[in-house]
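What follows is a single structure, written as structure tokens, with notes after it.
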Amino acid sequence: MAYALQQIINGVTLGMIYGLIAVGYTMVYGIIGMINFAHGDIFMIGAFLSLMGLTVLSALGITSVPLALAITLILACGIAALYGWTVERIAYRPLRGSFRLAPLISAIGMSIVLQNFVQVSQGARDLNLMPLIPGGFKVMEQDGFVVQLSWMQVMISVTTLVMLAIFTWLVTKTSLGRSMRACEQDIKMATLLGIDTDRTISLTFVIGAALATVAGMMFLLYYGSINFYIGFSAGVKAFTAAVLGGIGSLPGAVLGGLAIGLIESLWSGYASVPYKDVAAFSVLAIVLIFMPSGLLGRADIEKV
Amino acid sequence: MSTQAPLLAVANLTMRFGGLTAVSALSFQARSGEITAVIGPNGAGKTTVFNCITGFYRPTSGGLTLTRPDGVQLALQSLPGHRIARTAKVARTFQNIRLFAGMTVLENLMVAQHNMMMPTVIGGLLAVFGLGSYRSKQRVAIDRARHWLNEIGLLNRADDPAGALPYGAQRRLEIARAMCTGPVLLCLDEPAAGLNPRESDELSDLLMRIRGDGCSLLLIEHDMGVVMRISDHVVVLDHGKKISDGTPTEVRNDPKVIAAYLGEGDEDEETPAGAEAAA
């Protein structure tokens, strides 16, 4: 019981990170119908920017951890958003209106470019960060097994929920969100109503990149170690989460992320760690067989 | 009529698709404050003209000049898509319904006012943080949406998904949404299609009210009852060419128009009957 609870806590934390990245995938898919394979690498860049930010700030003598985290988060989000904007501008926008696979190939190329850029500029080895938020508290104790909830896990969950709340408000209540949803449903009609669709798409990438950066920072703080390759595995997991939740559905992305996180963590806890990815992807396969549009995805009903 | 420049001047408009000439050297004018109807048998090129006006197609040749009430002249054929609504203030609806079905009725009307609420990225960013004039603009936008909901009789359905409305209500909502962009010219592609007689009467009244509010209309319509009743000016197309142009009475008595409708064995059975009924 206690052991299961611990695995669930770990799984939820992991799932939150996946969910934040998955939102970026699902949002871009919803609006322009492509999978932005470079999104995982924006997450990785976000993690590197956070590491740089924290290092620079501590060198500047800012010792207050919350202050350093807040400054870093804002700066990293801003710079990574610029990356997201640039990727869309140079790799996807020129291909808009060409055949469907073209931007997909371009996305894979962009992913390789970003990975190699970081590998060359930052080196290929793991970079480490001292744990910034140590400690935690005991949730319960049973048969000598102590269930720990670390402050880090609390912070990750709270930050993620706050980001998702802001994001949900943005999409459902603001004019920008409405025009994003309009573009998602009928981009030509949105143009006719005077919505600058190119700008809306750019902003979608910017927002997605900012969320991925938050995830990158959480990943850095949680694991304390990053390299240029983390974007690939996290990206594939988050993409899986988006598909599992129903690609195009924002709550689905978060739900899918939590599901993948929990499956991974419970499987690691009870079965075998090396096979955790097999478990996650098997669940994806099974769900897609029985629910082809994912957990919360809308089935495409064509009126005839 | 007044001597000022026409609201929309179509000059020598030609649109070719490969070897097919859909519209050939078409010229007509839509004057400010009038309802101009474009009629013609199926395949005459009416929708192609609309698609050129609203930026869906780039005309092969010819010009589309819009003169805004403030005197600014714009060449529609060279404006990017979203500028047609934003700068030229031309709005349109389609033959088939293109509402944002997953959004609520109110949201459909709010989307159309996006530009007035967030003209710039900076303004958009400020709005995210609740700064700037966003709040007051939002209030204005909601008021305008409410005004149009009232006009089309859907005030009590504001929070329902647009896709859940009955067909006739969706048609009216499309018109309301187009009006929320604040157009000077509203282009309607077969607004009465599929409406029952009572609904098309209501539609005629709505269109007359829109004209009364100062917005000019350009209308493609097969329902001759509607066309003859509300139009100030009718342009008849056949095979991509203009065959007649004048008041409803003039057009109805034009032998070329009668030939185009009756002579070609078109499947538009109700059209001549409707024309006579209106006479």
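Letters A, B, ... are given to chains in the order of the sequence lines, protein chains preceding strands, and every chain is numbered from 1. Predicted model only: the values in this text are computed from it and were never measured.
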Greatest number of non-hydrogen atom pairs under 4.5 angstrom with chain B, of A/Asp198, A/Thr197, A/Asp196, falls to A/Asp196
Just so I understand: if I count every heavy-atom pair under 4.5 Å between each of B/Cys180, B/Gly102, B/Ala91, B/Ala178 and chain A, which residue has the most?
B/Gly102
Test item: B/Glu174 side-chain N/O and B/Thr93 main-chain N/O as donor-acceptor pair under 3.5 Å
no
Give, as side chain, backbone, both or neither, the part of B/Thr181 having an atom under 4.5 angstrom from any heavy atom of chain A.
side chain
Pick one of side chain, backbone, both or neither for B/Arg83, based on which atoms fall under 4.5 Å of a heavy atom in chain A.
neither
Quick check on A/Thr200 against chain B: is it the side chain, the backbone, both or neither that has a heavy atom closer than 4.5 Å?
neither
Applying the side-chain contact (heavy atoms from CB on, under 4.5 Å) test to B/Ile84, which of B/Ile53, B/Leu66, B/Leu74, B/Val90 qualifies?
B/Val90
A/Tyr25 and A/His39 aromatic ring geometry - parallel, tilted or perpendicular at 30°/60° bounds
perpendicular
Before we go on, tell me: are the rings of B/Phe94 and B/Phe56 under 6.0 Å apart, centre to centre?
yes
Would you mind reporting whether A/Met189 and A/Leu192 have side-chain heavy atoms less than 4.5 Å apart?
yes
